[in-house]
2 protein chains.
Amino acid sequence: MATATKVPTSPRRKANPHESNGSNGKRWVYRFNEADTVQEMLGGSWDKVRALLGGKGSGLADMTRTGLPVPPGFSVTTEACNAYLAGGNAFPGGMWEQVLESLAWVEEQTGKKLGDRSKPLLVSIRSGAKFSMPGMMDTVLNLGLNDSVAEGMIELTNDPRFVYDSYRRLIQMFGSVVMGIDDEPFEDFLTETKRSRGVKLDVELTAEDWKVVTERFKKIYRTSVDDDFPQDPFTQLALAIEAVFKSWNGRRAVDYRNAAHIPHDLGTAVNVQTMVFGNMGQDSGTGVAFTRNPSTGEKKLFGDYLMNAQGEDVVAGIRNPMPIATLAQENQAIFDQFNSVVQLLEKHYREMQDVEFTIEQGKLWMLQTRDGKRTARAQVRIAVEMVDEGLITKQEAVLRVSPDQVSQLLHPQFEIEAKATAMQEGRQVAKGVNASPGAAVGIAAFDADVAEKWGKAGKSVIMVRPETKPDDVHGMLASKGILTSHGGATSHAAVVARQFGVPCVCGAEALDIDLRARTFRVGNTVVHEGDTISIDGGVGEVFVGEIKRVDPDFARETYLRKLLNWADEFRRLGIYANADYPADARRARDYGAGGVGLCRTEHMFFQEERLPIVQAMILSEPNSDAEARELTKLQKFQHDDFYGIFKAMDGQPVIIRLLDPPLHEFMPDHEHLALRAAGLRLVGDRPNELTRIEELMVAVEGLREFNPMLGLRGTRLGIMRPELSKMQVRALFEAACQLVKEGVKVYPEIMVAVTNHANEVKFMRDLIVGVAAEVMEDMGVTLEYKVGSMIELPRAAITADQLAQYSEFFSFGTNDLTQTTFGISRDDAEGKFLLHYVEHGLLPENPFQVIDEDGVGYLIKLAVDRGRQTRPEIEVGICGEHGGDPKSIHFCHRAGLDYVSCSPFRVPVARLAAAHIALKEKGFKAKED
Amino acid sequence: MATATKVPTSPRRKANPHESNGSNGKRWVYRFNEADTVQEMLGGSWDKVRALLGGKGSGLADMTRTGLPVPPGFSVTTEACNAYLAGGNAFPGGMWEQVLESLAWVEEQTGKKLGDRSKPLLVSIRSGAKFSMPGMMDTVLNLGLNDSVAEGMIELTNDPRFVYDSYRRLIQMFGSVVMGIDDEPFEDFLTETKRSRGVKLDVELTAEDWKVVTERFKKIYRTSVDDDFPQDPFTQLALAIEAVFKSWNGRRAVDYRNAAHIPHDLGTAVNVQTMVFGNMGQDSGTGVAFTRNPSTGEKKLFGDYLMNAQGEDVVAGIRNPMPIATLAQENQAIFDQFNSVVQLLEKHYREMQDVEFTIEQGKLWMLQTRDGKRTARAQVRIAVEMVDEGLITKQEAVLRVSPDQVSQLLHPQFEIEAKATAMQEGRQVAKGVNASPGAAVGIAAFDADVAEKWGKAGKSVIMVRPETKPDDVHGMLASKGILTSHGGATSHAAVVARQFGVPCVCGAEALDIDLRARTFRVGNTVVHEGDTISIDGGVGEVFVGEIKRVDPDFARETYLRKLLNWADEFRRLGIYANADYPADARRARDYGAGGVGLCRTEHMFFQEERLPIVQAMILSEPNSDAEARELTKLQKFQHDDFYGIFKAMDGQPVIIRLLDPPLHEFMPDHEHLALRAAGLRLVGDRPNELTRIEELMVAVEGLREFNPMLGLRGTRLGIMRPELSKMQVRALFEAACQLVKEGVKVYPEIMVAVTNHANEVKFMRDLIVGVAAEVMEDMGVTLEYKVGSMIELPRAAITADQLAQYSEFFSFGTNDLTQTTFGISRDDAEGKFLLHYVEHGLLPENPFQVIDEDGVGYLIKLAVDRGRQTRPEIEVGICGEHGGDPKSIHFCHRAGLDYVSCSPFRVPVARLAAAHIALKEKGFKAKED
């Protein structure tokens, strides 16, 4: 599809026809040598310079200032972009004149002139926003070429092959990027040409071949746009700048910003820069490199380059490039110069740098520097090592690592034995580049739309492509893993996957992907779309079928542990873990939890050998001898449960919630019983069994609830079946007292759930205090303990001042509090309407993942305020799933909570998130802010 | 059981041994002739006089001041009672001396002396609290009698029969009231005596008989208390005063106060008054009377009297008394004097009076006056007629009638045909006194405990007793009706029943009640405990079996309609009704509703001919042709529904709620289908039917929800199935536009339910506005309408400022708001724990009956404030069941709501309650305040 923009007639030295209104003296364009001017104008803030000139433009200006070899050029500002978009796609007044002025300066610097066949200046046009959006925005190289200039250049260089190679690139890129022509006819013809010449690689084509290609490309252009490729370089320039401006609101850019939480109103700058040529023969080349390994974080130069190629050949992963280290063998002097330049850049920016460079006939040119994307593992290691190197402070290191990255680092891995078995079975079918770590299992999807569809439907998907393009991002984000057959560690797939923490294997060349048949083949193995595969992005391995995964080994994450210990110095929030079993409790401790914030006793009831006792207890009359008998049996089990957890948490508090769920959860299903009864009635030979089942049905019917979440549970149950509560409290205190005698430090906190009214808490408190006193006297032990309320109903939050009279702590059960505040049953809602709501913007976020500050958050703040009015020293925390969500943790900090409690696996994430908000409160800034 | 109080030795002229500390000059005792003194001391407030001297004491003092014939006496104050109870059951300092001083004044007035056999003074001791608690408190008559005084009196009166009758009464009353001796042995001996003498009535016994009874009563006393009946009159006096003080905290008094919402810290006064004797022969008598008919309110003297009897003979219903009108025949002069006294009293108090009087040997004495208890019907008529008579203002009249009374007045009645059938079938078994109106059906319970137990278990109970006593109140309150075989319109049963609006038939003498067998018999009919009976308290009829009841006829309630019209002048709140059908809407209008506050469209869907269409619609794919087909069928029905309601409410607003319940409510039950499928599989001859059912099961399973109340309903449904919403809106506007063309005034307000987020409201608002515009254009009609939100989830209340952006009105759905704020499913909770909670004080009230101000009320006030911040003119009301509850209506007024909407039957109640709170806000006081 061609864009609607009319090609203007040559605008050289004239006001641009798209101009919105007269110049008001505003600067829209800055030359690369004006870094100081701009920074001074913006009050010294480099951040503002980045915002105005974009990351790329400011980097080029900064490198120019530092005296590095940067081809001359200038940046059109982000403000100009915004003014263009706001003004109905017209250049703001004066902009075009400033472009021409700056161009004149470039011409002066280089001694060349745009469109002049005797001293031709070619330029690149590149986008560059404040935040890097790799591959998202559009680039045009070799701008300035036309038939006449091409002829002139051939005369000058005597290298028609280079000139036609450059010209055909310009026509394709300009056609594709500026005019919106499909790449396919260009690529098809190129492939066809190589096939007919019997060659495999572009570099094997001759000058004559490229000339033919160039002519054909002009034809393709003409057919698609219904106009000739513009021969006027100024028309090319104006249209290319417009195209970059417009690309800011293109779908792939918007998608990317949504995914990366980048605001939509920043705009992009446009960088116009003198072309240097990596495709001027075998003493020319181009490459990208990182100052440290972006996958592991190791302090060692990392990257790829290709000789006799232009930049996009490396990035797009079309040809497989060489590792940067081999450049030293190729040209030691260039390598040394390059190495010293990038080390300088890293020190200058105090961050790992991602640079682009070109070697033109043996001369090094730096085309870009920016903070390098990296894996979570690399991020952590780099941050920690930079502190050790004295480059940054601990605070900076902590803030540089995002909670999401910690969470990625703790991605699951394949189980060693399961993987070994898969190897023995010959299920490993390929190896590729270990582009983004983590083990993933999912069904193969061969395009982004299918991946997105299946992913949103809740399926685990691995997206498989020859290579990925910016248009594929929506599918990549919906996938659990990404697998490509082409491209290296800096290919689009690798960069995006690392950034979003999706496991990725790139360049697994053994895969023969057939997009039409929707299969890939490796030898005799054929994998169809929908088949399950497994990939390990940490080592680059590809398997057919499923491989069992295991949790990560936190103990071996040395850098992360060091970083989190620093985080602990900065955070104010305590981090507890939810743990129901001793093993959970031990893991929680390993991960750095300061206590158990929620121990749910009901899980203990579901265990196989206990369930019959639990059922018998339920069916007995409350306060009867039969009930007492069953409770005595249960008490033994409960004692052991509590003993184990208290012991594991020696010296730390353990918050134990008394039985919470409605009793029918422990009973068989009524419909199941009814069908069995019907069957027995029909056969008629087991009347006793029938009677038993019929009685059971009556009991189950009696317990049935229309809305169990709002039924007889928590404290209500504790009040209606006080002997059950007493049994739990007795078991708990007996275990605690026993441990005290054994020298263990036990800090039990007993939590009363589903509370609504202060009277309920008082009732349960009296019960607990009574039993505790009894047990302690019996066992001759004195024990400090607390009694508190779980705040999970709006009324409890609203009347927290009253509840606090009988509560030494509050714990917000934000799962249920969200359910009742919203009147939404999570089990029912997520599939039936909640996802639809989030997708269609009816809700900004899933409130079960991120605390809804306006509603649920209001109640939390109210409860904290009111609770502290009554009891200033009351301990307040949360124990819902939100306790492991960074945004929610930030909210908890701001709401003045004392701690958050989350699943043991989320404890490291929570430790970091808590440090971030504490540091931010003190004025430190995270990079993304 | 005997009380623990030790009998003091004669305390005459000495400080009482129970005295707590020395007198501090405080007045504890006032003579009946000190009305002016007390009133002046209390700043002129008669209300404070009542509080200090009690209703009875202040009435006696006031009558004395007015010059009416009141036997001299004095009141020990309520403060003395409180000081006694607070001081560990010891008289406050100085009280006993003041009693003796006042007694001396009485002796002076009467020329008699307590304990003096030559001029014996006998006194009555009566309790009297600020608020009348008839029969609740203790009374001792004839105090001052002992063996010596009795002999002296015989000498003086020459009437040994009268003296021994009086003496035996003292011994029994003193024994029972002061010493806690059971009445039974006394009554048994009296019955035995009458049997052995072959007489039926007390008056038939001779002087000698009474002497024997007196001696035997002394013996019973001695056996029970292990001490002699105290011969010292001062000891009698001190103990009797103490007994009255203590009775304030007796079970029956506490029960009564709880039921009547009387505070427990008021205390009771003790009135000591010269005895006059209605039992001094046939020219003596005693009676009670009302200045107007307490059942109908008719302005005509009403009451009973008995000649030759003491007061308790009338009240206790032991002998059947004579109507007051016959007194004129007996003694015209006394009747005239009596009539003029009571008319004076009514004018003086501007209230219908309930008086006690005694005729002693032809002389009239007034013993008490107080505001008379009455039926709701009488209350309304009296209030209205007193306005017409110029006695009170409209405001006073409105405030005198309580909302509960209006509700009683609208009690159901027997269906005329059902009753006629019952008559033909001979099921009417008795007639009695029509003591408290209303038709009741229930199972017979033969004592208060059984009645209470069954009543609390949710059964409809009619309590059947020979007569009731204050100890029975707890059972009476738990009953739907009361039936006694003895006693008249002023008996204990009648008075209590009228006050609490329980239908009651008294004195149905035909009933032969056997408390041991727990049956009653009438002729050959035997009714066992647990059998169903029906009574009509309005006409005094008793039936066996059930008779169908119908709603009351508001049109015929002339007085009430007049009163409510006055109420409408004073109230600020609008009163709307919840109406789902045209018939409801018409009734709502009849009852004075100003609009329809809630029209639930789902009820329309459940109708038989529509349900299959609804089900087919549900099973179709959203937005499919099949869905459209079924919706078109439904639209026709919906159009007619709306047409009918709008037409009935011509000129008034109608708030229509779009479909609310989850769709599975319209589907068959899964278990039922599973059983049918199992059966079909077994038989195997109807494979098509089996397939159909299996498909249905899959569909039902897909719709199943764990917590339907928190599931896909209301707006969520409207958003997920927008075509369904559009159909409803289209039907609604087509009906409305059609009516406009027919000249009807239609004010539709479309309500969006179960909202949480402003975006939901915006979505629905856009949908509604779009369809409305379409329909109005098609039909060429312009119509004013509103779109609003139902606030029934905490989050909606908290974010009301955001919701108000898209809402022209809010309607609080307090049923659901209470469910979610409390996290309590009403269906599940009431039987399982909520009643237990209320009974055991874990919740002060059932929050589904009375708005929980601390929790739910907080959210309502918050939402009103925030909603008005955004949209000051927003219309705000409630449409939950609380809209018909007076306390909740008062809250709504205070919270600044514009209207309440309730069931049509509650509209009159709501009109009155709304007037009350508006008048109270202006400083008017209701009687009970």
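Given the structure is predicted, the values throughout are model-derived calculations rather than measurements. Proteins get letters first, then strands, A, B, ... in listed order; numbering begins at 1 in each.
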L682(B) portion near chain A, given a 4.5 angstrom heavy-atom threshold: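 Just its side chain gets close to chain A.
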Can you say whether Y858(B) sits under 4.5 Å from chain A via the side chain, the backbone, both, or neither, judging by heavy atoms?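 The side chain, not the backbone.
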Worked check of side-chain hydrogen bond (donor to acceptor under 3.5 Å, both in side chains) between H670(A) and R704(A): CA-CA 9 Å; H670(A) 191 272; R704(A) 202 202 289 239; 3.3 Å; yes
Part of [X] within contact of chain B (heavy atom distance under 4.5 Å):
X	answer
L710(A)	both
F822(A)	both
T821(A)	both
L817(A)	neither
Q802(A)	side chain

For K887(B), which of E845(B), E853(B), H882(B) qualifies under side chain to side chain donor-acceptor pair (under 3.5 Å)?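 Testing K887(B) for a side chain to side chain donor-acceptor pair (under 3.5 Å) against E845(B), E853(B), H882(B) leaves exactly one candidate, E845(B).
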Counting heavy-atom pairs closer than 4.5 Å to chain A, which one of T820(B), L859(B), V856(B), T755(B) comes out on top?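 Ranked by heavy-atom pairs under 4.5 Å with chain A, first place is T820(B).
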Kindly compute the distance separating CG (L843(A)) from CZ (F833(A)), expressed to the nearest 0.5 Å.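 The CG atom of L843(A) sits 8.5 Å away from the CZ atom of F833(A).
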D816(A) and its salt bridge (charged side-chain N to carboxylate O under 4.0 Å, His left out) partner, picked from R713(A), R657(A), R826(A):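 One option only clears the test, and that one is R713(A).
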